[in-house]
Amino acid sequence: MEIAAIQLKTPEDVLELMNSRGGESYFGEDVTVLEHCLQAAHFAVETKSSPELVAAALLHDVGHLLHNEAEDIAGEGIDTRHEELAVHLLAEHLPAAVMDPIHMHVAAKRYLCFAEPAYCASLSSSSELSLQLQGGPMSEEEAGSFMALPFAQDAVKLRRWDDEAKIPELKVPQAETYLPLLKTLWR
Ligand SMILES: [Fe+2]
């Protein structure tokens with residue numbers, strides 16, 4: 001898989017990446033990657049989440065902007081492991097309370113599919129396809145280990161916003177709105 005040569009040294013770099021590369025459609029959904037991320041962040045704000053979790057929601061799919069693969073890549077049976085890509089570039093700048101939920105948001109889908117069969121049945125077709133590539137629902141043992149991890153609850157919250165953040169033409173604040181928040185967390 002080809003990884004874009006991108007460096008993220010400042011919060012401004014991250015927002016620039018989102019604004020410049022986030023215009024592609026979000027994996028078969030009716031929103032762009034940028035719209036999807038902004039909606040997820042907005043849902044986190046609406047539920048009065050911590051700044052760290054708002055940042056996690058905003059940045060959870062930055063990994064999708066870091067590879068040069070087409071948006072239908074899951075249809076070719078390839079998992080880009082976008083959650084790992086995001087951690088690779090951002091972990092040195094942001095605390096675990098931001099990075100762990102991002103890292104775990106794919107596993108959280110596998111967890112919810114184990115814990116809530118109705119959740120699994122409600123997944124969009126592209127989400128269901130990627131679930132299979134990501135290993136399918138967790139076993140009971142995997143689910144127990146997952147929920148014992150720090151930030152597992154936050155990862156599950158992020159996952160639910162991730163699933164909801166696919167609403168065409170929903171008006172939400174722009175990426176720049178989150179610059180002060182990112183600056184307080186950045187190191
Ligand atoms: Fe997402």
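All values below were derived from every heavy atom in this structure, side-chain atoms included, with hydrogens, water molecules and symmetry-related copies excluded. Bear in mind the structure is a predicted one, so any value in this text is a computation, not a measurement. Indexing begins at 1, ligand by ligand and atom by atom, following the structure's order.
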Lys/Arg N to Asp/Glu carboxylate O, Glu12 vs Lys183, below 4.0 Å
yes

Is a side-chain N or O of Asp162 found less than 3.5 angstrom from the main chain of Leu158, in a donor-acceptor match?
no

Can a side-chain donor-acceptor contact be found between Asn19 and Gln174 if the only test is distance below 3.5 angstrom?
no

Does His36 offer a backbone N or O that forms a donor-acceptor pair with the side chain of Gln39 under 3.5 Å?
no

No waters, cut-off 2.8 Å: how many protein N, O or S atoms are close to the Fe ion (ligand 1)?
5

Any carboxylate oxygen within less than 4.0 angstrom of a Lys/Arg side-chain nitrogen, looking at Arg21 and Glu16?
no

Is the closest side-chain donor-acceptor distance between His60 and His103 under 3.5 Å?
no

